[in-house]
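Below, read A as the first sequence line, B as the second, and so on, with proteins coming before strands; counting in each chain starts at 1. All values derive from a computational prediction rather than experimental measurement.
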Amino acid sequence: MAAKLNEIILHNTLSNRVEPLAPIHPGEVRIYTCGPTVYSFAHIGNFRTFIFQDVLRRFFRLRGLRVLQVMNITDVDDRIIHNAAAASVPIREYTEKYVRAFLEDIDALHIEMPEELVRATDHIDDMVTLIEKLQAKGLTYSSDGSVYFRISKFPDYGKLSKIDVSGMQAGARVDVDQYEKDDARDFALWKSPKPGEHFWETRIGMGRPGWHIECSAMAMKYLGDTIDIHTGGVDLAFPHHENEIAQSESATGRPFVRMWLHSEHLIINGQKMSKSLGNFYTLRDLFAKGYKPSTIRFLLLSVPYRRQLNFTEDGLVQAKNSVERLRNFVARLKAEQFAAGSNPEIEKRIEKAEGEFDAGLADDVNTARALAAIFDLVRDVNAAMDRREFLQQNAPRTVAAMEKFDSVLALLVDDDDEKLRLLGIAPRKPQLPVSQIEGLIEERNAARRSRDFKRSDEIRQQLSDSGILLEDSKDGSVRWKYK
RNA sequence: GGCGCGGUCGCCAAGUGGUAAGGCAAAGGUCUGCAAAACCUUUAACGGCGGUUCGAUUCCGCCCCGCGCCUCCA
């Protein structure tokens, strides 16, 4: 299916095909995103998914759509309760550190804050209310103080993941939690506490919410019974999203989500990322190894979201150099002097690129196509500049186009060192104050004017040792940038 | 086994029923005091076997290979 003019098509897991986006509320897209479980630092794979939904929402906004996005933070689950108990701290205190780290991480990657970032533990009452609704409809049963959803009461179960649950016999599998269930397929809405575990005292008894109910409760609270888009990693389609559908649609009698968007996983050097293989990276691990936030953002967004991304050292190098090319281009546009006038051919060329960029993203967020549109433009405009066919009035227009692209990509601003500093990661090179950098450049210019190239090269080397690269341009000006 | 995602130049990755974008890397050149940046040129790819078709990388079938999910998991 090809997108019609101005149409945005997206692959819907529910139908397993691409469909045009048609928001329920005209002009506004409502999105629910499964956020992190804060039992530890988020890993690089998580951020692939988060960067995908970030690109998605940024593209919607570029299209003039309003975005209302809710992301949950799962700050209660078995691992959190276990780890907090082991550390002898309240769960809120235990998770706080990782919530903060997550916020810092998404900031470093230029992932926009969703309109609502909500914590599960702030919505226990909403979950209890939803469970009561299901209980009132006779869709649940209790066992040892826990409440389960009876899947046999929801005939559509499996419609998202296309998993045939009829083969999952009662008792065929042992639930990891060792709770008593009537049917292996049933899942917990509410879990009774084991001795010493954290619990809430509620109308449905003591305990804590199941994982799935929190997303249903929070999604519907903020976005309504039926929401436009629900995003998450492919692994969540079953059982998490399937269970969300069962609970939500049973409670409301209405479709829960119109479009399910699932991003494929990241694999590392061709293998699944796992702790046992020792290829498990957090963002901070990569930053500590010297990789920049913008490098990681580029790599993670450059591969379309429905394609598995093989994360390699080589890929990082390629990503870094690609970002450099884009930044060099904008720096040249801003620094170089061009002859007066405006070349209408350039204007047309920019419009073509804008059209291609938009068409790429409108085609199921095909970031590879969108990037190709930009790189095509970069090459053509660079060539025009070299041929002196690029004129003064073309520059602001071209910069504006690049900034428009960057409202989605968020790669151009060179704030990598600043972001790393915010994370407490020291720069690898000694930092020079800008005034000193500029002073040294001035001194080097003087040396060059007097053809003292030995001195001029010394200064260039000195700056290079501090992580500063110089570029002498044709018109005599000197640009500098961080490596 | 069921359900998915893939296999396109050295690497990453678009795309199309009429022999194929873009990025990175490589080689040569232009520019430069030298670099850097940029540009130009060059190199080079559709897993295999059948089928449909005038014609398939693109559609269909089978096979091979990689990865994922099938109640921890983005």
Between C1' of B/C70 and NE2 of A/H241, the distance in whole Å
16 Å
Just the rounded figure in Å: distance from P of B/C5 to NZ of A/K272.
19 Å
Under a 3.5 Å cutoff, is there a donor and acceptor pairing between the side chains of A/E112 and A/Q69?
no
Lys/Arg N to Asp/Glu carboxylate O, A/K320 vs A/D416, below 4.0 Å:
no
Is the number of heavy atoms from other residues, nucleotides or ligands under 6.0 Å of A/K481 NZ greater than 12?
yes
Which is true for A/H43 with a 4.0 Å heavy-atom rule: it touches a base, it touches only sugar-phosphate, or it touches nothing?
base
What integer distance in Å separates A/K483:NZ from B/A37:C1'?
15 Å
Heavy atoms only, 4.0 Å cut-off, all strands: where does A/I374 land among base, sugar-phosphate and nothing?
nothing
State yes or no: are the ring centers of A/F187 and A/Y148 separated by less than 6.0 Å?
no
Kindly point out which of B/C34, B/A74, B/A36 is positioned nearest to the side chain of A/E471?
B/A36
So that I can tick it off, tell me whether A/R57 and A/E115 are bridged by a salt bridge, with the cut-off set at under 4.0 angstrom between side-chain N and carboxylate O.
yes
What is the distance from CZ of A/R448 to P of B/G33, rounded to the nearest Å?
8 Å
Which part of the nucleic acid does A/D457 contact within heavy-atom distance under 4.0 Å: base, sugar-phosphate only, or nothing?
base
OP1 or OP2 of B/C39 sitting under 4.0 Å from any side-chain N/O of A/R325?
yes
Give one of base, sugar-phosphate or nothing for A/M71, where a contact means two heavy atoms less than 4.0 Å apart.
nothing
Options B/A74, B/C70, B/A25, nucleotide nearest the side-chain atoms of A/F238:
B/C70
Nearest to side-chain heavy atoms of A/F453, which nucleotide of B/G33, B/C3, B/A74
B/G33
Among B/A35, B/A74, B/A21, the nucleotide that comes nearest once only the side chain of A/R460 is considered:
B/A35
Rounded to whole angstroms, how far apart are CZ on A/R479 and C1' on B/A35?
14 Å
Just one of A/H240, A/E244, A/Q247 clears the side chain to side chain donor-acceptor pair (under 3.5 Å) bar with A/H212, so which one?
A/H240
Residue-phosphate contact under 4.0 Å: A/K454 side-chain N/O, B/C34 OP1/OP2:
no
Report which part of the nucleic acid A/R387 touches: base, sugar-phosphate, or nothing (heavy-atom distance under 4.0 Å, all strands).
nothing
Readout for nucleotides 6-16 of chain B: B = base within 4.0 Å of protein heavy atom, S = sugar-phosphate only, - = neither; 5' to 3' it is -S---BSSSS-
